[in-house]
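Letters A, B, ... are given to chains in the order of the sequence lines, protein chains preceding strands, and every chain is numbered from 1.
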Amino acid sequence: MSAAAAHVGPGEQQVPQGQDERKRGLTGYLLLLPGALWLLVFFVVPLVTLISTSLYDPSGSVFAGYEMTFHWRNYVDAVQGYGPQLWRSFLYAGTATVAAVLLGFPLAYAIAFKAGRWKNLMLILVIAPFFTSFLIRTLSWQMLLGDNGWLVDIFRTLQILGPDGHLLATPFAVVTGLTYNFLPFMVLPLYASLEKLDPRLLEAGADLYATPLTTFRKVTLPLAMPGLVAGTLLTFIPAAGDYINSELLGTPNTRMIGNEIQDLFAAGSYPVAAALSVTLMAAIVALVTVYVRRSGSEELV
Amino acid sequence: MTRSDLVLSSVTKRFGSFTAVDDLDLTVPEGSFFALLGPSGCGKTTTLRMVAGLEEPTSGTVHLGDQDISGLRPYKRPVNTVFQSYALFPHLSIAENVAFGLRRRGVKDVKQQVGEMLELVELEQYAGRRPAQLSGGQQQRVALARALINRPQVLLLDEPLGALDLKLRRQMQIELKRIQTEVGITFVHVTHDQEEAMTMADTIAVMNGGVIEQMGRPLDLYENPATTFVSNFLGQSNLVGGQVLERSSQSVLIDVHGSKLLAPSDRARSAEGDVWVGIRPEKVFLAAAESEFDDGSNLLAGGVVTDVSYVGVSTQYLARMPWGQELMVFEQNTGARDSFRPGDRVDLHWMPAHTFLLDATQAADAGVEKEEDL
């Protein structure tokens, strides 16, 4: 018995050193090369350009050109001028993320455990919206939520909406659109996590005096955490920078930071637009870092 | 009833049109080490899961002492399970896995109990590790500790040693038996490994096709099987067709292909017309053909050795009889007896007291382990 206990140690096996090792290292770098080049040309270079643009003299123009003056006041102007939009972006994205968790978790759970032979069909249905363009799908929500749509009719009949109440062109419409558009990004990672969960662990929980709710809290949820973290990040980050939903479903009062950046670029105010973009990026990185730390899943992301 | 025996009464479980467990009656005395033995698909695991509450019986009841637990949800039953694949929680440390049941029942200070339990299974130094960092045998012991710490009235073990290699399995058999004696809890052990069941259990119930074929002490089952299934599934048997000639209160006289054989009456499950005459291979002596033997033993003459397997402690012979059947003979390699080669002509002898008679309506090869089952 004790002999059996003594001889085990995972990962004790020594990998032979030397040439083999070096060859394997080289293969790794070769595999990394195409992706790294791509990132260099299309991510690092534009990022550097973006950051330097954000420090250009704002008095320049597309025609006259811009001067590099390390004008850091661009950032102050950006945050002071567009604070409400920045704050609104995070509020809408956060609300949409919470809504996507509430809709997506039961759905992913059902597909993983209850769907049986319908599992593949349901997964296809989750992905099916991608067969149509993002823009078209968001436009069709205009019709769904429009004043002549059946949804408004029902809500008015049920007195949930007043006789002059609207759904379209409200924060509700924008958050609904965001939730809809990013729901698959929540469902798929959650499904991948839940699908790996051995149902016998749930039986073991029940066998060890845990009610179904406790089993969910103590077994299912911790094991679904990687999927939940991945899903919330994949939903929150693009939702925070999105401008299509607000553009098509909202009003000037629901403008998000993406809309402002878009307009500023269109108007040729490159330095402020760039400063705003960098601010958004920094804010998202900060938020995500705090979130990942708090959910204790650094090794999972 | 003052003791908390586990009693299953007329329990039936159907999955669609398939009857997994058929009108099963079973009493497991408190404190015993009870084995449910049978081939895969015989209903033994389903029976176990109904005791655990993970399956609901289609009909019938499960009692623990005076309490009817048939309707209780699994988390309310004073019963714990060691799962076949252990089902350890991968996100919790070994100590937290073991403490899981205690915490759910609101025990505040689990440290001491967890320590004691890990000591019992000799895993104290692994308390902080995750299950994936342990070997199969260690995980098995964690699963055992996680169930035992709750002091269940009945501990259910579902093929707990199935994933271990042979040597470790032997060690764990002895270990499980020691732990059961130490804690005195009723163990119900499901296995398809007859040796495992015989080594550990006080009582074995042999299951086949959803019903119990025979139940008793390992020795009784082996020496006096009630059906051809039990005689083949528990060890090996030679079953030879014969007709009963005479019966008395002491013994039964049978004609087997022209030879007259005797069997004790109390070992005859059937003593009329056609019967299977059964004899365990290790009870048979081989003798060179026509050597004089007149000690009243049963004799089947005219065999030819067709196969010899030397396995160290013993030699296993196959002898082809004049009617074409091959019979097995195991001889201990004591050095005191002759050995034979293929082609040698031999007679088979054994003591009438070792003969058993079974109903000839049963298939002679019931319970023979086939290649694909192994």
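- Side chains of A/Thr138 and A/Tyr180: no donor on one and acceptor on the other come within 3.5 Å.
- For A/Tyr92, there are no ring-ring contact (aromatic ring centres under 6.0 Å, His included) partners at least two apart in sequence or on another chain.
- At a heavy-atom cut-off of under 4.5 Å, chain A is reached by B/Arg49, B/Ala52, B/Leu54 from residues 47-62 of chain B, listed in order of number.
- Ring pair A/Phe105/A/Tyr109 is parallel by interplanar angle, where below 30° counts as parallel and above 60° as perpendicular.
- Contact tally against chain A (heavy-atom pairs below 4.5 Å) for B/Asn80, B/Thr81, B/Asn150: the top residue is B/Asn80.
- The closest donor-acceptor contact from the side chain of B/Arg77 to the backbone of B/Leu72 lies under 3.5 Å.
- Taking the six-membered ring for Trp and the full ring otherwise, the centers of A/Phe236 and A/Phe185 sit at least 6.0 Å from each other.
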**OP:** Would you please test B/Ser70 and B/Asp68 for side chain to side chain donor-acceptor pair (under 3.5 Å) and show each step?
**Re:** CA-CA 6 Å; B/Ser70 334; B/Asp68 183 354; 2.4 Å; yes
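- Contacts between residues 205-223 of chain A and chain B, defined by a heavy-atom separation under 4.5 Å, are made by A/Gly205, A/Ala206, A/Asp207, A/Leu208, A/Tyr209, A/Ala210, A/Thr211, A/Pro212, A/Thr214, A/Lys218, A/Val219, A/Pro222, A/Leu223.
- Using a 4.5 Å heavy-atom threshold, the side chains of B/Leu6 and B/Glu30 count as separate.
- A 4.5 Å side-chain heavy-atom check between B/Pro160 and B/Gln84 finds every atom pair outside the cut-off.
- Between the B/Lys177 side chain and the B/Met200 main chain, a donor and an acceptor come within less than 3.5 Å of each other.
- For the set B/Lys76, B/His91, B/Arg73, the entry with the most heavy-atom pairs within less than 4.5 Å of chain A is B/His91.
- Contact annotation for B/Phe89: both backbone and side-chain heavy atoms come within less than 4.5 Å of a heavy atom of chain A.
- Shown are A/Leu178, A/Leu91, A/Leu86; of these, the side chain to side chain contact (heavy atoms under 4.5 Å, CB included) with A/Met256 is made only by A/Leu178.
- For residues 92-106 of chain B, a heavy-atom distance under 4.5 Å to chain A picks out B/Phe100, B/Gly101, B/Arg104, B/Arg105, given by residue number.
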**OP:** Give the intermediate values and the outcome of salt bridge (Lys or Arg N to Asp or Glu O under 4.0 Å) for residues B/Lys167 and B/Asp165.
**Re:** CA-CA 6 Å; B/Lys167 205 173 156 213; B/Asp165 63 46; over 6 Å; no
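- Taking the side chain as every heavy atom from C-beta outward, A/Thr179 and A/Leu103 approach each other to under 4.5 Å.
- In this structure, B/Gln138 contributes its side chain and B/Ser135 its backbone to a donor-acceptor pair below 3.5 Å.
- Counting only heavy atoms from C-beta outward, the side chains of B/Glu124 and B/Glu116 never approach each other to under 4.5 Å.
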